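Shown next, in structure tokens, is the structure this report addresses.
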Amino acid sequence: MTNPLFTLPAVPGIPVRGEDATYPVGRIFCVGRNYAAHAAEMGIEVDRQTPFYFTKTPSAAVLSGASVPYPPGTDNFHYEMELALAIGAPVFRASKEQALGAVYAYGCALDMTRRDLQLAERAKQRPWDLGKDVENSAVFAPLTKAADFGVVANQRIHLAVNGDVKQDATLEELIWKVDEIICHLSRFYHLRPGDLILTGTPAGVGPVLAGDVITGGIDGLDPIALTLTDAK
Ligand code: MN
């Protein structure tokens, strides 16, 4: 074994309620347009034939409570409140039963987005990386083990900016359910511990500015918070 030329910055592990150890961030998969009302506000009809995904670089992960600079290259930086699930066992071509069994934990997450660049990329039929794979854009609150959370049903999912409620929906509105997402995604990836899946955002997305404080929650999970600071 040879030594590396240099050391990469460590990606923070995500705290887990009731555990001293943290959950390491492996890969970050995100489901697109998984709430009908959000798809409508984006001017797109929901594709009920198949889910689709984009990814975020693991180094884009930050923990709830962080203050992060307003990112470069955008004039329309948006919040997206999401349910995240954390994979806890290897799973490939999962059955529905195997899919739910592979969920280690759930948590609140933010999928921060350069909306102007995402829409420009979309219009030109280009990949969404500049819009979505933004530094510090995958925000994770502490996780709650699946057994402690229970079944994903009609829990409220909500987000506020500076205390004003912007997103308010229930997990019942998810088009592709947790087991369906894992069944589908595991046809293409050997999912494994460390893999996180953001399940999409409800309606009400909108911009934030430097100085804004984002807070969000899902019934039964630890809340999430993010503060935007001046651009660097
Ligand atoms: Mn999203």
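All values derive from a computational prediction rather than experimental measurement. Side chains included, hydrogens not; waters and symmetry mates left out as well; all remaining heavy atoms used. One-based numbering, in listed order, for ligands and for the atoms of each.
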Task: Aromatic ring pairing Y70/F77, orientation class (parallel under 30°, perpendicular over 60°, tilted between) - done: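 Y70 vs F77 ring planes: perpendicular.
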- [ ] Anything under 30° is parallel, anything over 60° is perpendicular, the rest tilted; go ahead and classify F149 against Y106.
- [x] tilted
State the atom name: nearest N, O or S atom of [X] to the Mn ion (ligand 1).
X	result
D111	OD2
E80	OE1
E82	OE2

TODO: Taking atom types as modelled, find out whether T74 and D116 have a side-chain donor-acceptor pair closer than 3.5 angstrom.
DONE: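 Note: T74 and D116 side chains meet the donor-acceptor criterion.
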Open item on the list: In this structure, is the centre-to-centre distance between the rings of F140 and Y23 below 6.0 Å?
Closed with: no
